[in-house]
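First comes the structure, then the notes that go with it.
Just so you know, residue 1 is the first one in the sequence shown, and it goes up from there. All values derive from a computational prediction rather than experimental measurement.
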Amino acid sequence: MESIPYINKKALIRNELLKCAKAKTLRVLTYGEFGKRVEIPARGPWKPILDLIAHEEIDEGLPDITFLIVAKRTGYPGQIGFKPASPPSAAQKDHAIKEIQKVIDLYNPGSANPYAGA
């Protein structure tokens, strides 16, 4: 695990993602916006730590809260379904809509899906 950049910030990253998920108005944050919250540069590297968090959440039967971080250029996560999404395919966009809805349903029922209609 020591080879994962920012492993020492895993708890902070997860806690900040949960704050975003439970915020009064749910909204996604760009890598730059989220990076300021956890003191990680916008260019990361984000993939290893976000993959770890995503797998841990899924393994616990929880929704993947990493869908709350998006690329500024596309408005979608930089990877969807653990595959690059730059830009996301139609299937990846559909997957993102479904995954963020699981986050909404658990942590913020009634919030608008930020990917629906995007």
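- A pairwise comparison of heavy atoms in Arg27 and Leu68 identifies O-CD2, 4.4 Å as the closest pair.
- Applying the side-chain hydrogen bond (donor to acceptor under 3.5 Å, both in side chains) rule to Ser86 yields the partners Arg73; only residues at least two apart in sequence or on another chain are considered.
- The shortest side-chain heavy-atom distance between Thr66 and Pro77 does not fall under the 4.5 Å cut-off.
- Note on Phe82 and Tyr6: separate hydrophobic clusters, where clusters join Ile, Leu, Val, Met, Phe, Trp and Tyr whose side-chain heavy atoms are under 4.5 Å apart, directly or indirectly.
- Across every non-hydrogen atom of Asn113 and Gln101, the tightest pair is ND2-OE1, 3.1 Å.
- Tested against Ser111, the residues Ile100, Leu26, Asp105 include a single side chain to side chain contact (heavy atoms under 4.5 Å, CB included) partner, Leu26.
- Looking at His95 and Phe67, their side chains come closer than 4.5 Å, going by heavy atoms from C-beta outward.
- Annotation: side chain of Leu50 is not in contact with side chain of Phe34 (no heavy-atom distance under 4.5 Å).
- Using a 4.5 Å cut-off on side-chain heavy atoms (C-beta onward), Glu39 and Leu12 make no contact.
- By the 4.0 Å N-to-carboxylate-O rule, Arg14 lies too far from Glu56 to be salt-bridged with it.
- Pairing each heavy atom of Pro114 with each of Val28, the nearest pair is CG-CG1, 3.7 Å.
- Between the CD1 atom of Ile53 and the CD1 atom of Ile13 there is a distance of 5.0 Å, given to the nearest 0.5 Å.
- Not a single donor-acceptor pair under 3.5 Å links the side chain of Lys72 to the backbone N or O of Gly32.
- The minimum heavy-atom distance between Leu29 and Cys20, with the atom names listed, is CD1-SG, 3.5 Å.
- Transitive grouping of hydrophobic side chains (ILVMFWY, heavy atoms separated by less than 4.5 Å) keeps Ile49 and Ile58 in distinct clusters.
- Contact record, Pro63 with Tyr107: CG-CE1, 4.0 Å, taken as the closest heavy-atom pair.
- Every salt bridge (Lys or Arg N to Asp or Glu O under 4.0 Å) that Lys98 has, sequence neighbours left out, goes to Asp94.
- Using a 4.0 Å cut-off between charged side-chain N and carboxylate O, Lys102 and Glu57 make no salt bridge.
- By the side-chain hydrogen bond (donor to acceptor under 3.5 Å, both in side chains) test, Gln79 is found to be paired with Lys47, Asp51, residues two or more places apart in sequence or in another chain being considered.
- Under the 4.5 Å side-chain criterion, counting only non-hydrogen atoms from C-beta, Val103 is not in contact with Asp64.
- Nearest heavy atoms, Asn108 versus Lys24: OD1-O, 4.3 Å.
- Panel note: side chain Tyr115, backbone Glu99; no donor-acceptor pair is recorded below 3.5 Å.
- The CG atom of Leu17 lies 9.0 Å from the CZ atom of Arg37; values are rounded to the nearest 0.5 Å.
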